[in-house]
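Index from 1, following the sequence.
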Amino acid sequence: GLDGSWTFWRRANPGNPAMVQHVFAYGGKRRGGSSYYALDVTNRNAPRILWQIDDEATGPFSRLGETWSEPALAQVRINGTAVPVLVFGGGYSPENHDDPTLVSDGDDRGNAIYIVNANNGALIWWASEGATGSGAGAATAVAEMDWAIAANVTPVDINFDGFIDHIYAA
């Protein structure tokens with residue numbers, strides 16, 4: 001099932017702002033699994049899947065837990081171009097929290113933050129336990145991220161230029 005919260009992007013047509021260019025919906029499975037989806041719901045009688053992200057066996061998305069974090073729609077600048085993005089936490093780690101007798105010193109999954117392209121789901125940036133990176137490329141060491149980030153992640157535009165300056169997560 002898909003019982004997570006969804007984010008909607010209703011974009012006006014640049015040539016005629018009174019018309020809708022597209023309506024996209026973004027959300028995860030929450031307790032249903034470790035996937036995020038983007039749907040084109042512009043024509044509500046014929047919705048279609050734009051892209052899907054799953055917990056891969058290897059790579060940055062291998063840390064993706066149950067997808068509880070509601071994707072936050074924001075914008076970043078890449079090589080001078082404005083790119084719409086989604087920012088979300090790595091999710092919930094049931095392996096470490098569903099058994100009340102288990103005590104751990106960190107979570108197996110979910111201990112990450114991701115930024116993906118809102119149009120195609122391509123990984124733009126990620127950070128996790130001992131690693132950060134851009135795209136699917138090599139990682140470099142960062143501060144510890146031992147615990148899953150199941151809550152929403154908040155991108156903030158401090159200087160009101162329309163682009164992310166900070167990300168807050170708990």
Side-chain angles (χ1 to χ4, degrees), residues 2-11 23-31 33-39 50-56 58-97 104-170:
L2 300 174
D3 65 347
S5 298
W6 287 69
T7 299
F8 291 87
W9 179 22
R10 182 181 182 272
R11 184 173 181 188
V23 179
F24 294 156
Y26 306 97
K29 289 184 169 183
R30 196 165 161 107
R31 235 354 173 168
S34 301
S35 299
Y36 277 104
Y37 298 91
L39 307 175
L50 292 174
W51 51 261
Q52 178 179 347
I53 295 171
D54 294 305
D55 55 335
E56 302 168 347
T58 61
F61 289 120
S62 66
R63 297 194 186 237
L64 194 62
E66 290 180 356
T67 49
W68 289 32
S69 181
E70 180 179 343
L73 184 62
Q75 189 169 243
V76 298
R77 192 182 329 259
I78 299 175
N79 299 325
T81 302
V83 178
V85 298
L86 297 169
V87 183
F88 51 89
Y92 177 71
S93 181
E95 296 86 355
N96 300 95
H97 298 283
S104 70
D105 59 356
D107 289 331
D108 296 329
R109 299 187 307 150
N111 53 346
I113 296 174
Y114 299 99
I115 299 177
V116 300
N117 186 307
N119 290 315
N120 58 28
L123 182 63
I124 292 175
W125 180 88
W126 63 282
S128 188
E129 170 62 26
T132 186
S134 58
T140 56
V142 295
E144 294 180 22
M145 291 180 74
D146 293 333
W147 303 104
I149 300 175
N152 296 345
V153 176
T154 303
V156 179
D157 176 9
I158 296 291
N159 59 4
F160 301 107
D161 66 353
F163 300 96
I164 297 173
D165 297 305
H166 297 278
I167 297 172
Y168 291 94

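- No option in Ile149, Val153, Leu86 other than Val153 meets the side chain to side chain contact (heavy atoms under 4.5 Å, CB included) test with Ser69.
- Counting heavy atoms from C-beta outward, Tyr114 and Ile53 have side chains that stay 4.5 Å or more apart.
- With hydrogens and angles disregarded, a donor-acceptor distance shorter than 3.5 Å links the side chain of Trp51 to the backbone of Ala118.
- The aromatic rings of Tyr36 and Phe88 lie tilted to each other, with the angle between the two planes from 30° to 60°.
- From Gln75, atom CD reaches atom OG1 of Thr81 across 10.5 Å, with rounding to the nearest 0.5 Å.
- Of the inter-residue distances, the one linking Tyr92 atom OH with Arg30 atom CZ reads 10.0 Å to the nearest 0.5 angstrom.
- The CH2 atom of Trp68 sits 11.0 Å away from atom OG of Ser93, with the distance rounded to the nearest 0.5 Å.
- Atom CE of Met145 is separated from atom CG of Asn111 by 6.5 Å, given to the nearest 0.5 angstrom.
- Expressed to the nearest 0.5 Å, how far CD of Gln52 lies from CG of Leu50 amounts to 12.0 Å.
- The one candidate from Ile164, Ile78, Asn117 that meets the side chain to side chain contact (heavy atoms under 4.5 Å, CB included) condition with Val85 is Ile164.
- Once rounded to the nearest 0.5 Å, the distance linking OG1 of Thr154 with CD1 of Ile167 reads 10.0 Å.
- Minimum heavy-atom separation, Arg109 to Ala148: O-CB, 3.6 Å.
- Here the closest non-hydrogen pair linking Ile124 and Val116 is CD1-C, 4.0 Å.
- Under the 3.5 Å distance criterion, the side-chain polar atoms of Thr67 are matched with a main-chain donor or acceptor of Ser35.
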Could you walk me through whether Trp9 and Asn119 pass side-chain contact (heavy atoms from CB on, under 4.5 Å), step by step? CA-CA 11 Å; Trp9 179 22; Asn119 290 315; 3.7 Å; yes
Audit row: Trp6, Leu39, side-chain contact (heavy atoms from CB on, under 4.5 Å) steps and yes/no: CA-CA 10 Å; Trp6 287 69; Leu39 307 175; 3.9 Å; yes
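- Aromatic ring pairs are classed by plane angle as parallel below 30°, tilted from 30° to 60° and perpendicular above 60°; the pair Phe24 and Tyr26 is perpendicular.
- Within the 4.5 Å cutoff, no side-chain heavy atoms of Pro84 are placed close to those of Arg11.
- The two residues Ala170 and Ala151 come nearest to each other via the heavy atoms O-CB, 4.1 Å.
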